[in-house]
A.B. asks: 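I have a structure here, written as structure tokens, and I will follow up with some questions on it.
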Amino acid sequence: MNKKQSAINPAPTKRKATTSKSKRPSKLYRLFVRTFQITLISFTLLVAWLVFIQWKVQVGPQQTLPKQVDIGIVLGASLRNDIPSPGLQERLDLAVDLYNQGRFKQLIVTGGLDHNGSKLTEAEGMRDYLVKKGVPKTGILIEPNATSTYENLLFSKQMMDEKSLVSSIIVTHKFHGSRSLDIAKTLGYIDPFVSTTKSEVLFMPYHDTRETLAYTNWYLTKLQLKLGLK
């Protein structure tokens, strides 16, 4: 090859590697990106879950009550000096109204002993309140052992089965209605109905938050039941 050809076709030169170690992301940086992605996804899922639960809490069950069922079930709440708290009175007043409408002729009041110095169980305090409101004592069945909504409905279902009672209306607050209905269905209640009341006395931001946690715990319990772990 002469000088002229060499000038036209210069010898190829080696290119420097573009993937040198200095230009690759460090392990620490890759770890940071992965951690950020996982955190962002987890946060998004958490927010979506909270929105979903709060939607269920705020909307509550949308049911048309039947004219009459076998039994009404009033879910317990705390007593104060052996008298139903203002919030519990709201549930009991709704039960009295439904009783007077003829929706049921018998009630189950369910709730155990509070750890606040009460001498009566929630069920006993609820019975006494209903009697003062005109409900015959003979029409009130007491379930005095439950300490949670799950136990309220589980033990009440056992009482219903013993007495061959089938249909029911569960009485509680609106924020508590969706979870109560879901628990009843899971426990095998036949076409359960829920009647709810809005509260005028409870501090709802607290109870809405508490219900979100309780609903989440219920879903975990429900999963355990389906897997036969509980």
Side-chain angles (χ1 to χ4, degrees), residues 60-80 82-114 118-202 218:
Q62 303 295 314
Q63 296 177 301
T64 300
L65 297 180
K67 290 183 178 179
Q68 190 174 68
V69 295
D70 295 335
I71 195 85
I73 303 172
V74 189
L75 302 184
S78 63
L79 303 180
R80 295 181 184 176
D82 292 327
I83 298 173
S85 62
L88 181 52
Q89 289 182 29
E90 291 179 320
R91 298 183 186 183
L92 293 167
D93 289 341
L94 174 58
V96 171
D97 185 46
L98 294 171
Y99 177 85
N100 290 335
Q101 291 177 27
R103 303 281 183 176
F104 41 72
K105 295 180 179 179
Q106 282 187 303
L107 296 96
I108 295 175
V109 287
T110 168
L113 188 65
D114 289 328
S118 296
K119 296 178 181 179
L120 300 179
T121 63
E122 291 177 359
E124 289 170 327
M126 294 160 73
R127 174 202 58 198
D128 293 347
Y129 183 89
L130 290 173
V131 169
K132 289 180 180 179
K133 291 288 184 174
V135 179
K137 191 173 182 179
T138 54
I140 304 171
L141 304 176
I142 291 179
E143 187 295 295
N145 298 310
T147 59
S148 66
T149 303
Y150 175 76
E151 290 185 350
N152 286 147
L153 292 167
L154 174 64
F155 298 158
S156 295
K157 178 67 162 56
Q158 293 171 354
M159 293 179 68
M160 289 174 62
D161 292 343
E162 290 171 1
K163 296 181 178 296
S164 299
L165 302 171
V166 177
S167 57
S168 60
I169 295 176
I170 299 163
V171 180
T172 188
H173 279 103
K174 182 179 179 181
F175 72 87
H176 193 221
S178 290
R179 179 164 61 97
S180 300
L181 182 60
D182 194 36
I183 292 173
K185 289 179 177 179
T186 301
L187 289 173
Y189 279 68
I190 298 175
D191 295 327
F193 289 87
V194 174
S195 181
T196 63
T197 180
K198 287 186 177 181
S199 180
E200 301 295 333
V201 298
L202 297 176
W218 160 240

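Throughout, numbering of the chain's residues begins at 1 and tracks the sequence.
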A.B. asks: For a 4.5 angstrom cut-off between non-hydrogen side-chain atoms, does Lys163 reach Leu141?
C.D. replies: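 The answer is yes, as the side chains (C-beta and beyond) meet within the 4.5 Å cut-off.
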A.B. asks: Please check if the side chain of Gln62 supplies one atom and the backbone of Gly60 the other of a donor-acceptor pair under 3.5 Å.
C.D. replies: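 Yes.
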A.B. asks: For Pro66, is there any backbone N or O sitting under 3.5 Å from a side-chain donor or acceptor partner on Arg103?
C.D. replies: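 Flag set: sc Arg103 to bb Pro66 pair under 3.5 Å.
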A.B. asks: Show the nearest heavy-atom pair for residues Ile169 and Ser195, with the distance to one decimal.
C.D. replies: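 So the minimum-distance heavy-atom pair works out to CG2-CB, 3.8 Å.
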A.B. asks: Do you know the tightest heavy-atom contact between Gly177 and Val194?
C.D. replies: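 Heavy-atom minimum between the residues: CA-CG1, 4.1 Å.
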A.B. asks: In terms of heavy-atom contacts, does CG of Asp191 have more than 12 from other residues, nucleotides or ligands at under 6.0 Å?
C.D. replies: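 No, the 6.0 Å shell around CG holds no more than 12 heavy atoms from other groups.
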A.B. asks: Hey, are the side chains of Asp114 and Glu122 touching, using non-hydrogen atoms and a 4.5 Å cut-off?
C.D. replies: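 Yes - at least one pair of side-chain heavy atoms lies under 4.5 Å apart.
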A.B. asks: State, with a plain yes or no, whether a side-chain heavy atom of Gln68 is found less than 4.5 Å away from one of Lys105.
C.D. replies: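 Yes, their side chains come closer than 4.5 Å.
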A.B. asks: Rounded to the nearest 0.5 Å, what's the gap from CD on Glu124 to CD1 on Ile142? Could you check?
C.D. replies: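 It is 5.5 Å, given to the nearest 0.5 Å.
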A.B. asks: Determine whether Leu202 and His173 make a side-chain contact, defined as any pair of heavy atoms from C-beta on separated by less than 4.5 Å.
C.D. replies: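 Yes, side chains in contact.
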A.B. asks: Give a yes or no answer on whether the side chain of Gln63 reaches the backbone of Pro192 with a donor-acceptor pair at less than 3.5 Å.
C.D. replies: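 Yes, the answer is positive, given that a donor and an acceptor are paired below the 3.5 Å cut-off.
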A.B. asks: Ignoring hydrogens and angles, tell me if any N or O in the side chain of Tyr150 forms a donor-acceptor pair with the backbone of Ile183 under 3.5 Å.
C.D. replies: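 Flag not set: sc Tyr150 to bb Ile183 has no pair under 3.5 Å.
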A.B. asks: Scan Thr110, Thr147, Thr172 and name whichever one has a side chain to side chain donor-acceptor pair (under 3.5 Å) with Asn152.
C.D. replies: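 Single side chain to side chain donor-acceptor pair (under 3.5 Å) partner of Asn152 among Thr110, Thr147, Thr172: Thr110.
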A.B. asks: Return the minimal non-hydrogen interatomic distance between Ala184 and Ile170, and the atom names on each side.
C.D. replies: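 So the minimum-distance heavy-atom pair works out to CB-CD1, 3.7 Å.
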A.B. asks: Does any part of the side chain of Leu65, heavy atoms only, come nearer than 4.5 Å to the side chain of Leu98, both counted from C-beta?
C.D. replies: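 Yes, side chains in contact.
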A.B. asks: Are the side chain of Asp82 and the backbone of Ser118 linked by a donor-acceptor contact shorter than 3.5 Å?
C.D. replies: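 Here the side-chain-to-backbone pair does not exist.
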A.B. asks: Provide the closest heavy-atom pair for Val74 versus Met126 in the form atom of the first, atom of the second, distance.
C.D. replies: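 Heavy-atom minimum between the residues: O-CE, 3.4 Å.
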A.B. asks: Can you check whether Asn145 reaches Glu151 side chain to side chain, under 4.5 Å on heavy atoms?
C.D. replies: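 Counting from C-beta outward, Asn145 and Glu151 never come under 4.5 Å.
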A.B. asks: State the CZ-OG distance between Phe104 and Ser168, to the nearest 0.5 angstrom.
C.D. replies: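 So the gap between those two atoms works out to 10.5 Å.
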A.B. asks: Does any N or O in the side chain of Gln89 come within less than 3.5 Å of the main-chain N or O of Pro84, such that one atom is a donor and the other an acceptor?
C.D. replies: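 Such a contact is found between Gln89 side chain and Pro84 backbone.
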A.B. asks: Given side chain to side chain contact (heavy atoms under 4.5 Å, CB included), test Lys133 with Asp93 step by step and report yes or no.
C.D. replies: CA-CA 8 Å; Lys133 291 288 184 174; Asp93 289 341; 3.8 Å; yes
A.B. asks: So Ile71 and Met160, side chain to side chain contact (heavy atoms under 4.5 Å, CB included) or not? Walk me through it.
C.D. replies: CA-CA 8 Å; Ile71 195 85; Met160 289 174 62; 3.9 Å; yes
A.B. asks: Quick check: closest heavy atoms across Gly111 and Thr121, and the distance to 0.1 Å?
C.D. replies: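 Looking at all heavy atoms of both residues, the shortest contact is O-CB, 3.7 Å.
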A.B. asks: Taking Leu75's backbone N and O only, do any of them form a donor-acceptor pair with Arg91's side chain (distance below 3.5 Å, no angle check)?
C.D. replies: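 A pair under 3.5 Å: yes.
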A.B. asks: Check whether any side-chain N or O of Glu90 sits under 3.5 Å from a backbone N or O of Glu200 as a donor-acceptor pair, and report yes or no.
C.D. replies: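 Side chain of Glu90 to backbone of Glu200: a pair is present.
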A.B. asks: Verify, without hydrogens or angle tests, whether Tyr99 (side chain) and Leu130 (backbone) share a donor-acceptor contact under 3.5 angstrom.
C.D. replies: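 Not confirmed, Tyr99 side chain does not pair with Leu130 backbone.
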A.B. asks: Between Leu154 and Leu187, what is the shortest heavy-atom contact and its length?
C.D. replies: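 In this case the closest contact between Leu154 and Leu187 is N-CD1, 3.5 Å.
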A.B. asks: Is there a side-chain contact between Trp218 and Thr149, using heavy atoms and a 4.5 Å cut-off?
C.D. replies: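 No, side chains not in contact.
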A.B. asks: Please check if the side chain of Ser199 supplies one atom and the backbone of Val201 the other of a donor-acceptor pair under 3.5 Å.
C.D. replies: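 Indeed, once roles are kept as given, a pair shorter than 3.5 Å links the two residues.
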A.B. asks: Going by an N to O cut-off under 4.0 Å, is there a salt bridge joining Asp161 and Lys157?
C.D. replies: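 Salt bridge flag = yes for Lys157 with Asp161.
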A.B. asks: Answer yes or no: is there a side-chain heavy-atom contact under 4.5 Å between Asp128 and Leu120?
C.D. replies: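 Yes, at least one pair of side-chain atoms sits under 4.5 Å.
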A.B. asks: Look up atom CD1 in Ile190 and atom CG in Leu165, then write down how far apart they are to the nearest 0.5 Å.
C.D. replies: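 One gets 11.0 Å once the value is rounded to the nearest 0.5 Å.
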